[in-house]
Amino acid sequence: MSEVTALTELANFVGKSTLTSEDATQRRRTMNEIISRLQPRPVRRTVGDLLGAVLALSARTRRHGRPRTQVDIDVFAPNGKRAVRMKLGYHE
């Protein structure tokens, strides 16, 4: 069995982070690098994104300009009785 266990490895651990450096400039530089990686990056938009937005707005405008529609769906059971009745859309 090995003489080295996880606990002795932890006890012998020496931190090698630059945050533990004696040099204040080095510590500050490391902190600034960590902070810059944590800040959200601006999202780069592409031409495809712009085209998708234009098409979506165009379709919405086209649908908005059309008159309202009502859809009635009647479903009948084999015995001839109404099984389901659905009304979708504009109702007065």
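Nothing here was measured: the structure is a model prediction, and the numbers come from that model. For the numbers below, each heavy atom of this structure counts, side chains included, while hydrogens, waters and symmetry mates do not.
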message: Taking side chain to side chain donor-acceptor pair (under 3.5 Å) as the cut-off, I'd like each qualifying pair that reaches into residues 26-36, sequence neighbours left out, listed once.
response: Thr18-Thr30, Gln26-Arg29
- request: Specify the closest pair of heavy atoms between Asp49 and Arg45, including all atoms of both residues, with the distance to one decimal.
  value: OD2-CA, 3.7 Å
Which side-chain N or O atoms in residues 54-66 pair as donor and acceptor under 3.5 Å with protein atoms at least two apart or in another chain?
from, atom 1, to, atom 2, distance (Å)
Thr61, OG1, Leu57, O, 2.8

Contacts table for residues 77-86: side-chain donor-acceptor under 3.5 angstrom, sequence neighbours left out:
from, atom 1, to, atom 2, distance (Å)
Asn79, OD1, Lys81, N, 3.1

query: More than 12 non-hydrogen atoms from neighbouring residues, nucleotides or ligands closer than 6.0 Å to CG on Leu7, yes or no?
result: no
